[in-house]
Chemist: 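Quick one: the structure is below, and I'll ask about it shortly.
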Amino acid sequence: MAASVSTALDFHFTITHSSDTKKPFLFSLPPRQQSTKRFTILCKSSTNTKSSPDVATDAEAGPLPQNPSLSDQLKPLSLNLLSKTKENQQPQLHSKPNSTWVNPSRPKRSVLSLQRHKRSSRSYNPQLRDLKLFSQKLNDCEPSEIALSAALQEIPHPPTRDNALLILNRLKPWQKTLFFFNWLKTQNLFPLETIFYNVTMKSLRFGREYQLIEDLSREMIDTGVELDNITYSTIISCAKRCNLLDKAVEWFERMYKTGLMPDEITYSAVLDVYAKLEKVEEVLTLYERGRASGWKPDPVAFCVLGRMFGEAGDYDGIRYVLQEMKSVGVEPNLVVYNTLLEAMGKAGKPGLARSLFEEMVASGLTPTEKTLTALVKIYGKARWSRDALQLWESMRSNKWPMDFILYNTLLSMCADLGLEEEAEKLFDDMKQSEECRPDSWSYTAMLNVYGSGGKVEKAMELFEEMPESGVELNVMGCTCLIQCLGRARKIDDLVRVFSVSIKRGIVPDDRLCGCLLSVLSLCEEGEEVDKVFACLEKANPKLVSFVKLLGHGEASFDKIKEELRLILNETVVEARRPFVNCLIDVCRSRNIPERAHELLYLGTLYGLYPGLHNKTAQEWSLNLRSLSVGAAYTAFEEWMGAVSKVVERQEALPELFSAHTGAGTHKFAQGLANEFGSHLKELAAPFKQSEEKAGCYVATREDLISWFQSRVPSVAC
DNA sequence: ATAGGGTTAG
């Protein structure tokens, strides 16, 4: 029974398996061939594109209003061709042999300028020292208008263009930059050219002041100050940091419409915008279109691609990036390696991450804290204890750099791998150190270590120690501790920890509620259940009413369905399946299996159990890997019920039946395989543990049929 | 941070 908590609540486990739903790589053609095709399609489509209907109306739009926006050029592609598979593309190309691309007389329209924006050469300024000191004085000055105005009176040299620029460049935070910029405007000493706007915008970007940046750009447009590539890339990257991706696209479009060609910096900033929008197709089209324009992408562009494929869990995409780097002749730098390592982790390829890391070290690069953090995380999540420990050893013997993020990641890895002693050692190291003192994340990781290992006393000691060390508890630490106390059935301690946590400012989230729900399924009805209810009532009263509703025999299925829908809609996506898993466990522990079946059905209806069943002509299988123990039993009963109906109707059945619980790579979450195995024995079901695959139970059709006959003789006739 | 783009913990 103890295992049901960890199975139902092992969010890492859930997240690992959610990669099943990730989009497959859409281009399975080899890269070279693919690129030719894509480009072919693009050229054809761009010549067919009508001029842009929405001509820009502002001051800058004058000279080149006929430029179609890039997205207009891309639209027909993404709508008509790119979403189709290669099988669909193939005949289309061959059926139109007269496509324009064949005609070499028509030059391809370039999409980016291969020349970077030229910077004005800075000449030596003999007043540099004074001006630096003056900037510093402004930076240290009280941020009020009066104080700043007073300080400006003491400017050591006349604010010529170059002097003013020098000061503007050194001011922070953005309020002071903007103040100085506006002051310059009122002085009317010289016209404020593009560079003054650009420098001010850069400072505003540090403060993520997108609206102010946009106001400044509008001002530029209104007063006829030219917007250049630096202006646009600053606006676009600020919009991106403020998560205003549509704004970023909008400004990029505007740039094309006004006839300004992006250079490679703006171009890769925009690639990143489309990547963040998860528009993989558009990114690749832009990338290859840029390549066809003669662009030699630099490491930054490859980082953008790599991260995008990592987010999509797309290993083929990552391989494509590596191949492209090779064919373009770009050596990956540290940032590229770090990005690709992380991407490999997200794509679920720990082995390839390891080889990439080895390649990186062999190439003479020294891993940074970030490299090691990425790798440690990958090994921990993959439960690769041996590699994790080896890496740790090399970190020490090579004296590779450590920071406190890496320390905390190592601690989390220890929690993932169940390395209690190592975690304790690390934690002590951190306490001894000056610059890596344990913070709330370190404590959370330790609570996770002790919590997963069932070390209640040690976990409680940490909990008491935290306020003494001045470290605040966070909701994840609270969840780990409550889970641990619940498994140990220390309900009174649990209640105390919960209420103290609330007093310490913890705001319960859905994961904590899921944890309380799972504890509920372990409790005896009566006093214990009431105590947990009281906690859950404070965190999520609707869940309490729903659990009570489940026990009302007269509550209709439609009522349950509607109430569950309302609850799930208010629950974060990653906690929905754990919720239903726990609710099913609660129903089973209260001996209302009909409700458990209803909930499993509803969970399936609401898409929480995708791929539960798999059928081929040879084998039917049941995938229980993301289910709690109670949900797994329920799903198995449901499955057997359905199969026995097929038997009754004498319809075709496959040779083999298999149920997969997964081996449970987590040291503390191996419950499901074992519990399910013993459950099968109790039922005398003919499923046998597969010899080649752990966590896989197999039965033959004949055995299953005779089991049905022995179990329900009345139906068997 | 010296007018612009990329990596950064659960």
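Note that the structure is predicted; figures quoted are calculated from it, not measured. Numbers restart at 1 for each chain; the letters A, B, ... are given by sequence-line order, proteins then strands.
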Chemist: Under 4.0 Å between a side-chain N or O of A:K377 and OP1 or OP2 of B:dG10?
Modeler: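 Yes, A:K377 has a side-chain N/O under 4.0 Å of OP1/OP2 on B:dG10.
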Chemist: Ignoring hydrogens and angles, are the base of B:dG4 and the side chain of A:D228 linked by a donor-acceptor pair under 3.5 Å?
Modeler: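 Between B:dG4 and A:D228, which were checked side chain against base, a qualifying N/O pair under 3.5 Å is absent.
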Chemist: Using a cut-off of less than 4.0 Å, is there contact between a side-chain N or O of A:N198 and OP1 or OP2 of B:dG4?
Modeler: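 Answer is no, no contact under 4.0 Å.
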Chemist: Test for a donor-acceptor pair under 3.5 Å between the base of B:dG4 and the side chain of A:T234, counting only N and O atoms.
Modeler: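 Side chain to base: no pair present.
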Chemist: Could one point to a donor on the side chain of A:N338 or the base of B:dT7 with an acceptor on the other under 3.5 Å away?
Modeler: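 Checked by distance alone, the answer is yes.
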Chemist: Within the structure shown, what part of the strands sits under 4.0 Å from A:T231 by heavy-atom distance: base, sugar-phosphate, or nothing?
Modeler: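 Nothing, no heavy atom under 4.0 Å.
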Chemist: With heavy atoms under 4.0 Å as the rule, sort A:Y197 into base, sugar-phosphate or nothing.
Modeler: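 Contact class for A:Y197: none.
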Chemist: Please check: side-chain N/O of A:S469 versus main-chain N/O of A:V471, any donor-acceptor pairing under 3.5 Å?
Modeler: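 Not a single qualifying donor-acceptor pair exists.
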Chemist: Considering only heavy atoms and no angle criterion, is a donor-acceptor pair shorter than 3.5 Å present between the side chain of A:S268 and the base of B:dG6?
Modeler: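 When only heavy-atom distances are counted, A:S268 does not reach the base of B:dG6 through any donor-acceptor pair under 3.5 Å.
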Chemist: B:dA3, OP1 or OP2 - any side-chain N/O from A:R170 closer than 4.0 Å?
Modeler: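 Answer no for this pair, as no side-chain N or O of A:R170 is under 4.0 Å from OP1 or OP2.
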Chemist: A:L410 and side-chain contact (heavy atoms from CB on, under 4.5 Å): which partner among A:M402, A:M430, A:E422, A:K377?
Modeler: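 Passing option: A:M402.
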Chemist: If the condition is salt bridge (Lys or Arg N to Asp or Glu O under 4.0 Å), which residues does A:K185 pass it with, not counting sequence neighbours?
Modeler: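 Expected list: A:E219.
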Chemist: Taking only residues two or more places apart in sequence or in another chain, which ones pass salt bridge (Lys or Arg N to Asp or Glu O under 4.0 Å) with A:K240?
Modeler: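 Testing A:K240 for salt bridge (Lys or Arg N to Asp or Glu O under 4.0 Å), a comparison that skips the adjacent residues, returns A:D272.
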Chemist: Given B:dT7, B:dA3, B:dG10, identify the nucleotide with an atom nearest to the side chain of A:K381.
Modeler: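 Per side-chain heavy atoms of A:K381, the pick is B:dG10.
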Chemist: Side chain of A:T339: nearest nucleotide among B:dT7, B:dG4, B:dG10?
Modeler: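 The listed nucleotide nearest to A:T339's side chain is B:dT7.
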Chemist: Which is true for A:R307 with a 4.0 Å heavy-atom rule: it touches a base, it touches only sugar-phosphate, or it touches nothing?
Modeler: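 Sugar-phosphate contact only.
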Chemist: With P as the reference atom in both, quote the distance from B:dT2 to B:dG6 in angstrom, rounded to an integer.
Modeler: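 Looking at atom P only, B:dT2 and B:dG6 are 14 Å apart.
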